[in-house]
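The next block holds one structure in the form of structure tokens; read it before the comments.
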Amino acid sequence: MRKPVEQIEAATILFAGDSGDGSQSIGTQMTETTALIGNDVATLPDYPAEIRAPAGSLAGVSGFQLHFSSEQIHTPGDLCDVLVVMNPAALKMHLHKLKPNGILIANTDNFARRNLRLAGYEKDPLESDALTKYQVFRVELTRLTRKALETTQLSMGEIDRCKNFFALGMILWLYNRPMEYTMKWIKAKFAQKPQYIEPNILALRAGNTYCDMTEQFAVSYDVKPAPFEPGTYRNIEGNMATVLGLVAASHRSELPLVYGSYPITPASDILHGLAKYRNFGVVTMQMEDEIAAVGVAIGAAFSGALGVTGSSGPGLALKSEAMNLAMIAELPLVVCNIQRAGPSTGMPTKTEQSDLLQMFYGRNGESPIPIVASSRPFDCFESVYEACRIAVKYRTPVIFLSDLYIGMGAEPWRIPKISELPEIKPSFAVSADTTNGFEPYLRDPETLARPWAKPGTAGLEHRIGGLEKSDVTGHVSYDSENHEKMVEIRAEKVARIANDIPPTEIFGAQEGEILLLGWGGTFGALRTTAENYVAEGLPIGHVHLRHLNPFPNDLGDILHRFKKILIPELNSGQLLQLIRATYLIDAIGLNKVQGQPFHVFELHAKIDEILKEMEHF
Amino acid sequence: MRKPVEQIEAATILFAGDSGDGSQSIGTQMTETTALIGNDVATLPDYPAEIRAPAGSLAGVSGFQLHFSSEQIHTPGDLCDVLVVMNPAALKMHLHKLKPNGILIANTDNFARRNLRLAGYEKDPLESDALTKYQVFRVELTRLTRKALETTQLSMGEIDRCKNFFALGMILWLYNRPMEYTMKWIKAKFAQKPQYIEPNILALRAGNTYCDMTEQFAVSYDVKPAPFEPGTYRNIEGNMATVLGLVAASHRSELPLVYGSYPITPASDILHGLAKYRNFGVVTMQMEDEIAAVGVAIGAAFSGALGVTGSSGPGLALKSEAMNLAMIAELPLVVCNIQRAGPSTGMPTKTEQSDLLQMFYGRNGESPIPIVASSRPFDCFESVYEACRIAVKYRTPVIFLSDLYIGMGAEPWRIPKISELPEIKPSFAVSADTTNGFEPYLRDPETLARPWAKPGTAGLEHRIGGLEKSDVTGHVSYDSENHEKMVEIRAEKVARIANDIPPTEIFGAQEGEILLLGWGGTFGALRTTAENYVAEGLPIGHVHLRHLNPFPNDLGDILHRFKKILIPELNSGQLLQLIRATYLIDAIGLNKVQGQPFHVFELHAKIDEILKEMEHF
Amino acid sequence: MKRKRTSRIPVGAPTLTKNDFKSDQDVRWCPSCGDYSILAQTQRILPELGIPKENVVFISGIGCSSRFPYYMNTYGFHTIHGRAPTIASGVKMANPDLSVWVITGDGDALSIGGNHFIHLMRRNFDINVLLFNNRIYGLTKGQYSPTSERGTKSSSTPLGSLSLDTPFNPISLALASGATFVARSVDIHLDHLRPMLKAAFEHKGTSFIEIYQNCHIFNDDTFILQREKEHKTDHTVLLEHGEPLVFGTERDKGIRLNGFQPEVVDTTNGEYTTEDLIVHDQYAEDTTLANFLAGMSDTPDMPHPMGIFRSVRHPCYEDLMTNQIRTAKERTGDGDLEALLNDGETWTVS
Amino acid sequence: MKRKRTSRIPVGAPTLTKNDFKSDQDVRWCPSCGDYSILAQTQRILPELGIPKENVVFISGIGCSSRFPYYMNTYGFHTIHGRAPTIASGVKMANPDLSVWVITGDGDALSIGGNHFIHLMRRNFDINVLLFNNRIYGLTKGQYSPTSERGTKSSSTPLGSLSLDTPFNPISLALASGATFVARSVDIHLDHLRPMLKAAFEHKGTSFIEIYQNCHIFNDDTFILQREKEHKTDHTVLLEHGEPLVFGTERDKGIRLNGFQPEVVDTTNGEYTTEDLIVHDQYAEDTTLANFLAGMSDTPDMPHPMGIFRSVRHPCYEDLMTNQIRTAKERTGDGDLEALLNDGETWTVS
Ligand SMILES: Cc1ncc(C[n+]2csc(CCOP(=O)(O)OP(=O)(O)O)c2C)c(N)n1
Ligand SMILES: Cc1ncc(C[n+]2csc(CCOP(=O)(O)OP(=O)(O)O)c2C)c(N)n1
Ligand code: SF4
Ligand code: SF4
Ligand SMILES: [Mg+2]
Ligand SMILES: [Mg+2]
């Protein structure tokens with residue numbers, strides 16, 4: 001007899017275990033399956049420090065959270081409905097994320113003394129009263145997996161490495177999801193090592209059957225597909241979306257892509273990803289350092305290619321001198337910053353939004369550079385594409401800001417049609433139009449862009465460089481007034497990009513009490529929050545900026561339509577500082593600098609507090 | 001019969017000629033003599049681009065302006081009373097700086113066709129009507145010098161190189177100044193090459209006598225000594241004052257000074273200067289680049305020395321990653337930025353104040369670093385000393401901001417007594433105070449400084465680094481709340497420095513219409529302007545900030561006492577941006593980005609405009 | 001043994017042990033990582049050097065290997081990527097009495113830090129540099145490094161995009177930069193590694209040791225021929241001063257100079273004897289021999305030399321600087337601040 | 001002559017002259033600066049290379065020497081200090097058809113730019129690097145550089161503080177970094193410099209020429225022995241492939257190998273003949289000989305070798321990359337963006 005199935009709207013699951021326990025891969029599989037059956041889904045991998053910690057230690061815990069729903073969602077969820085822990089350390093690190101009465105599945109085989117001690121438990125928490133407010137399922141995951149695989153040829157160690165699929169099998173049962181996608185994936189993944197295919201599938205099945213058989217699990221859940229706009233969808237991580245956005249920009253502009261980089265967490269995946277697309281003519285160059293990486297990108301741009309570089313944190317500090325050169329030389333260049341928690345080396349596997357002011361100001365002299373920020377995993381595609389478009393159109397370096405949270409997070413993406421992509425036209429100079437010969441700083445009157453003349457073009461030979469240049473001719477100039485003029489032109493050129501920015505969309509109230517103003521990876525938490533208040537009928541709006549430099553032309557007006565501006569950021573108040581200085585508005589910051597994204601409840605708390613104060617006065 | 005002498009209050013002289021004409025050295029000599037006879041004096045050398053331009057070309061003109069007075073002065077003067085030009089290019093470049101009816105002395109021997117053409121003159125301007133509004137003195141300087149030196153053993157080339165002293169001799173006559181100081185200097189300078197002593201003295205004398213004899217010069221001028229506070233004075237350039245400030249801080253703190261640097265204009269002089277003081281135990285290390293330079297300074301600080309590094313423009317961009325390390329490691333370090341005109345390589349021999357926001361924000365993550373700015377040449381001594389004091393007391397990197405204008409400018413300096421210098425106490429940790437052993441992040445409750453434990457101290461072995469550190473223990477930590485706490489503590493530590501800042505002095509009106517708010521090398525122009533308005537009885541005040549991060553505690557109050565805040569800066573509005581964001585005040589910027597200091601008349605114009613508007617409304 | 005500046009433990013003071021050099025932090029490398037062995041050998045030799053623990057400083061950059069200082073109960077500084085040589089130079093300059101060790105990886109030292117590495121060598125500070133060469137970027141998960149062989153498949157050169165750069169030979173680079181002590185060893189050859197570490201310490205001047213280190217996770221067995229018992233006798237040759245270059249399980253092979261090229265010869269078949277072999281001279285001022293030996297590991301089928309390639313005594317930067325200071329003080333007396341401030345022309349207003 | 005990728009001027013097109021390569025900018029170096037001569041020789045050889053002017057790109061860093069591109073009527077980029085090799089690599093990678101020249105100084109290439117320099121050498125882009133070695137920082141007014149001799153008095157090492165660092169030998173460093181073409185010449189030895197410039201161009205791969213250059217203002221006559229007519233025959237030795245190393249005004253002296261050290265011998269007094277001398281082999285794959293020759297200029301009383309130390313053919317980075325791209329396109333077809341975006345598991349909502 002089939003056990004009862006309960007319809008629910010959404011669920012959040014967190015898999016956690018030792019780095020070696022495979023939480024990331026079963027998390028990803030659950031995400032894929034869930035997306036494929038039509039739920040909206042958002043994920044949050046939570047890695048430990050970059051270096052392996054001792055097995056069983058708190059520092060070694062790796063987690064993967066996913067949130068799926070029959071409605072549109074924007075975040076991987078605050079608290080979880082289900083927590084799967086492979087060892088005591090995982091329990092210790094994550095229990096506080098489980099909702100009251102939530103389901104806790106624990107691999108009891110790993111709760112032996114040594115592991116308890118490593119996690120800092122005096123006695124077994126599974127035996128204590130601490131867990132009474134949860135539904136606890138004690139499962140001998142290791143033993144059951146061994147049993148299921150006892151007929152295979154694998155060694156004990158190899159068998160134990162399959163136990164994550166046992167856990168996945170259980171979860172698939174619990175949420176009534178098919179196993180086929182996972183099986184397909186297992187087959188593809190182990191195509192070169194076929195001896196692992198069968199065992200992993202066996203483990204998956206065993207977990208699934210276990211739930212069906214055991215009395216522990218009385219009910220399973222179903223989450224119906226979410227309403228999506230028509231289209232073809234795939235699941236995508238932010239860094240992969242960045243890769244595709246760059247390849248698309250190269251393809252659409254017919255500019256060969258030259259990506260110079262030096263490995264660094266969490267930007268390396270863009271290098272790894274792009275390196276696979278040689279058939280698109282993509283050149284990836286792993287250089288000796290971040291300076292060389294931006295250097296080759298600048299050289300490529302000078303040569304007439306789409307020069308791109310990417311890094312994170314300290315790498316951006318190193319690139320700043322060369323970015324300044326690209327700025328004064330007025331060459332197209334895209335610099336990707338996948339932000340992580342600073343300062344200095346900081347916490348390389350944690351997220352943060354604290355490089356915004358560095359991107360604005362981290363160069364000597366007056367050095368305006370446009371900044372485009374992505375707001376969610378799939379938005380990396382459009383945002384980085386937009387960065388390329390601006391770079392080419394305005395002949396300027398452009399900074400593309402992403403962060404670890406959206407770079408590693410995944411969600412469904414409606415795949416765009418190629419024809420929907422905005423045009424990117426390099427319009428290379430082909431001849432000298434003036435009687436004075438070629439003038440490399442004679443500008444387009446509308447965009448103020450200077451001509452892009454590729455080496456190899458006869459008659460356009462010219463010299464550029466980092467010394468101040470004379471207007472029009474581009475000769476070296478120490479003239480006072482020319483310098484001031486050039487400083488102004490460079491600023492004005494960036495300011496004019498605002499003319500390309502479409503009117504700002506305000507979600508929710510178009511005017512009223514509080515405007516939530518955000519940028520970057522906090523989109524999900526802010527939008528969810530705004531939706532909640534709007535659902536309650538409160539006059540709260542949400543604006544999320546993609547363009548940070550320049551700001552949209554209509555931003556000032558919009559800000560003045562609300563009584564309070566709340567700017568939540570994963571830093572100490574960087575956009576806040578810019579908004580206050582630019583619009584002289586007493587905007588309020590909500591700042592979290594913990595290496596972790598916002599929880600929706602944190603935003604609620606702050607907004608409620610503001611609303612209360614507003615009533616008060 | 002002695003020609004008549006006219007008493008005047010002040011004079012401004014500008015020497016200009018080809019780079020090889022020695023304008024800088026006679027300018028310096030005139031400054032020395034003038035200072036020694038008791039005038040207040042301020043100077044402005046104006047160098048051409050770093051590389052020698054062809055002789056006679058506009059790009060090759062080198063100028064030296066000095067302003068002296070029987071009153072206190074603060075700037076090298078806007079327009080000149082006397083302009084000495086050695087060739088047509090110098091005339092072309094500088095004539096607009098001569099006051100109507102001012103004295104123009106031109107070396108006619110250099111006004112031959114070739115030089116006229118190089119300067120872009122169609123015909124000889126000395127023969128044209130263009131100069132009728134000036135008192136023009138045409139002097140065959142080259143021929144006269146040759147004549148005076150015809151009995152010496154020098155070659156013609158060598159003789160011609162003495163002609164600048166002929167010119168100096170003239171100016172000394174014109175302003176009734178003794179020749180003895182210059183003679184003494186010539187003797188010292190050519191001690192190793194004595195064959196040049198006599199000829200240069202002869203040239204000097206000849207110029208002097210020439211004025212006495214020729215009818216061209218009817219009257220000479222005298223400027224009485226200025227009132228100075230009692231004390232012993234010397235003339236000093238900003239970069240030299242920085243050198244002495246650093247040596248003094250090292251001496252007073254008993255910390256050996258380790259200065260790591262990589263040459264760059266205009267910071268190199270600090271390296272050159274410090275390298276002379278090995279007898280003070282000063283270590284200077286010319287490193288392979290700016291990163292290595294700050295690296296050795298950080299290493300030295302870790303070892304328990306006073307680690308200092310210095311650079312300019314692009315060099316600072318390169319140092320940012322390591323400065324961030326020093327910040328998170330909480331080690332004392334002083335970083336000198338002698339600003340020049342950016343962006344990128346920019347105009348290396350011109351001045352600017354455009355690195356302020358880079359110094360605030362040019363590092364990844366939340367990375368607060370205190371900033372101290374010097375306001376005038378002699379103030380470099382006190383300001384860099386203050387930077388050292390803060391670094392040692394708070395265990396933090398500190399940025400010392402100077403610029404090319406004050407670094408190369410000179411003025412009289414009242415030499416401080418050693419005992420007047422504030423105390424700098426390293427207070428090294430000598431033993432572990434807690435039962436847990438040594439805790440490298442256990443802070444002083446007042447300053448929040450962490451202990452400074454030198455390698456070599458038994459029992460205090462510990463490890464630091466660029467990863468986020470656990471409060472108190474200093475162990476590597478990826479804990480969310482610890483990270484937020486550490487970010488806050490680091491910010492708070494810098495904020496507390498404000499408690500050391502004495503009450504802000506307001507010059508002129510203590511409240512009223514307009515407050516001139518400035519920082520750095522604009523002091524002279526701002527103070528002179530304020531003096532002028534105050535003399536007219538207008539309610540205008542002037543505050544010049546030495547501490548830019550943190551701001552003084554009383555700054556907000558002060559700003560609110562004035563109707564308008566005017567922030568003149570040699571950038572596009574950087575302090576302006578900080579003041580607006582911090583105090584939400586609609587401060588106004590007056591921005592000049594020409595590689596040149598403010599003229600007092602530019603400030604007057606802006607203030608008059610504001611005053612007019614204020615009346616209007 | 002050369003005179004070192006570093007202070008010695010006073011006679012009679014309690015002797016230190018290996019455990020004195022272990023910090024309270026859990027060691028965090030992957031199981032089977034070669035770093036463990038290097039750490040253990042370092043902790044073993046330190047007590048034998050006769051210097052107080054508090055005088056020892058470990059400075060590292062960023063990388064798996066660069067976590068090393070956290071595990072040493074000495075002073076330590078885990079700095080930023082590639083910059084350890086600069087910070088170590090400052091540490092040593094400010095206190096020449098310290099025993100300063102730089103721990104670095106092939107990426108840290110030769111990729112981002114290449115410039116500081118070569119400049120450190122030429123300045124010849126009395127610093128010991130241990131380069132853990134695993135031919136891969138371990139910490140960032142397996143990209144190829146400047147010592148990876150051309151054609152390496154790695155996370156940054158996945159299918160279809162093998163690495164294209166010719167690798168550096170760290171020994172050659174150190175020699176060309178003027179290094180005064182250059183050696184090579186292997187993570188798990190304990191009886192070889194320890195004496196190398198000691199020799200590096202005893203050398204006055206910059207000592208550089210390239211240590212072949214296995215990254216079990218991302219580049220397993222890249223040095224299998226030089227590391228594993230069954231191969232190493234045929235694929236390495238031990239350098240010993242004054243001795244001919246003999247190797248092989250039976251010690252039956254040797255290296256002979258053929259023109260300017262190395263040639264492996266059999267010393268048992270009568271054609272050549274050990275007389276014909278190159279005799280090692282680690283103290284040669286001229287670097288031709290050392291360069292020649294360095295080149296062997298780039299030459300197919302040649303054994304990799306292990307041991308000290310070069311060891312010569314040149315003045316150290318910190319000593320020269322200290323001398324300048326002493327001389328200046330002797331010449332003009334200790335700096336007098338009052339006099340300095342009042343230097344040059346002054347005038348008094350009263 | 002090796003096959004170069006750079007396109008050639010079509011037969012019959014008007015031939016270029018020296019003047020075609022002069023830009024309209026006034027040349028701004030001090031009178032008597034050695035840079036003038038190098039500029040003139042470069043402008044002389046370029047028309048002889050048979051490549052169109054618009055295909056030539058000069059990339060420089062910062063320094064007196066680095067102003068060079070402004071004076072060439074070709075494409076040019078005066079970049080930032082030390083980074084020219086990186087930008088040049090990007091230029092070449094994006095368009096392998098260009099003839100790319102890097103102009104750099106001893107400070108630019110070996111101080112701040114040392115790392116990019118050595119990495120450029122190992123990657124072997126088909127780029128020509130001209131290092132103007134004047135053993136000083138000219139532009140910033142006379143600080144000592146990484147090629148200045150130890151004990152140099154300079155603006156940063158004034159009285160009482162002579163420089164302490166052992167200089168780099170640029171040739172040794174290039175060789176150790178894997179450079180495939182390494183040569184040396186002198187600014188004013190026009191008949192030597194021109195063929196060297198041409199040989200650098202003809203070499204497929206990174207060509208490095210160290211040019212001894214006189215800085216008249218800050219370091220006059222540092223190379224007096226190698227530059228001036230009256231000294232140079234005794235203080236330089238010309239390297240010619242296949243020829244013995246003979247030098248001296250009377251060509252009566254030669255270089256012999258003594259152990260691993262160079263020795264100057266008289267070939268006229270009967271003790272030695274040219275048979276005993278080292279014979280140059282610039283095509284040797286093994287770098288032992290080239291290293292040995294490089295070391296001579298560091299050895300007191302030895303003549304400095306001039307000419308080509310090494311010239312070997314290795315694959316170029318840009319060719320390997322272009323091949324990878326071609327192979328990938330052959331294997332999987334030209335990238336199809338539509339297919340790429342729709343890769344992996346997708347689902348459709350209608
Ligand atoms: C400025 C900067 N760039 C990049 C990184 C990322 N990163 C950290 S370690 C490393 C390479 C490590 O390789 P290696 O030095 O060989 O050390 P291993 O991990 O192999 O011991 C890189 C690229 C960083 N931390 N800082
Ligand atoms: C990042 C940076 N640091 C320092 C400088 C200052 N700088 C310009 S050129 C130069 C050295 C020039 O020496 P070299 O390369 O030998 O060239 P030369 O002038 O002798 O031809 C220095 C230190 C700079 N422009 N940028
Ligand atoms: S990744 Fe490699 S080098 Fe790093 S700890 Fe693991 S095995 Fe060692
Ligand atoms: S300073 Fe020296 S290198 Fe520079 S232009 Fe003058 S002579 Fe030439
Ligand atoms: Mg490695
Ligand atoms: Mg030079």
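Each chain gets a letter, A, B and so on, in the order the sequences are listed, and its residues count up from 1. Only heavy atoms go into these numbers, but all of them, side chains included; no hydrogens, no water, no symmetry mates.
Of the two parts of A:Asn591, only the backbone, made up of N, CA, C and O, holds a non-hydrogen atom closer than 4.5 Å to a non-hydrogen atom of chain B. Only the side chain of B:Arg490 comes within contact range of chain A, with heavy atoms under 4.5 Å apart. If you measure heavy-atom distances from B:Ile328 to chain A, the contacts under 4.5 Å come from the side chain alone. Both the backbone and the side chain of B:Thr349 come within less than 4.5 Å of a heavy atom of chain A. Using a 4.5 Å cut-off between heavy atoms, A:Met93 does not touch chain B at all. If you measure heavy-atom distances from B:Glu352 to chain A, the contacts under 4.5 Å come from the side chain alone. With a 4.5 angstrom heavy-atom cutoff, B:Met486 does not touch chain A via any of its atoms. Neither the backbone nor the side chain of B:Glu488 comes within less than 4.5 Å of any heavy atom of chain A. With a threshold of 4.5 angstrom between heavy atoms, A:Gln574 approaches chain B through side-chain atoms but not through N, CA, C or O. When heavy atoms are compared at a cutoff of 4.5 Å, A:Ile291 approaches chain B solely by way of its side chain, counted from C-beta outward. The parts of A:Glu321 that come within reach of chain B are both its backbone and its side chain, each placing non-hydrogen atoms under 4.5 angstrom from that chain.
Across every non-hydrogen atom of B:Gly365 and A:Ser354, the tightest pair is CA-OG, 3.2 Å. Scanning all heavy atoms of the two residues, the minimum distance from A:Met347 to B:Tyr478 falls at SD-CA, 3.6 Å. Taking all atoms of both residues into account, the shortest heavy-atom contact from A:Asn364 to B:Gln358 is CA-OE1, 3.2 Å. Closest approach of B:Ala581 to A:Arg580, counting heavy atoms only: O-NE, 2.8 Å. Across every non-hydrogen atom of A:Pro348 and B:Leu467, the tightest pair is CD-CD2, 3.7 Å.
Listed options A:Leu316, A:Asn571, A:Ile579 were ranked by heavy-atom pairs under 4.5 angstrom with chain B; first place goes to A:Asn571. Here B:Glu366 is the residue among B:Lys592, B:Lys469, B:Glu366, B:Glu468 with the most heavy-atom pairs under 4.5 Å with chain A. The residue among B:Ala317, B:Pro343, B:Ser320, B:Ala322 with the most heavy atom pairs within less than 4.5 Å of chain A is B:Pro343. By number of non-hydrogen pairs under 4.5 angstrom with chain A, the leading residue of B:Gly465, B:Ser367, B:Ala326, B:Gly313 is B:Gly313. The residue among B:Gly362, B:Gly595, B:Ser572 with the most heavy atom pairs within less than 4.5 Å of chain A is B:Ser572.
Screening B:His483, B:Glu484, B:Glu481 for a side-chain hydrogen bond (donor to acceptor under 3.5 Å, both in side chains) with A:Gln594, the sole residue that qualifies is B:Glu484.
Using a 4.5 Å cut-off on side-chain heavy atoms (C-beta onward), B:Gln577 and A:Leu578 make contact.
A distance of 7.0 Å separates CG in B:Leu325 from OG1 in A:Thr345, rounded to the nearest 0.5 Å.
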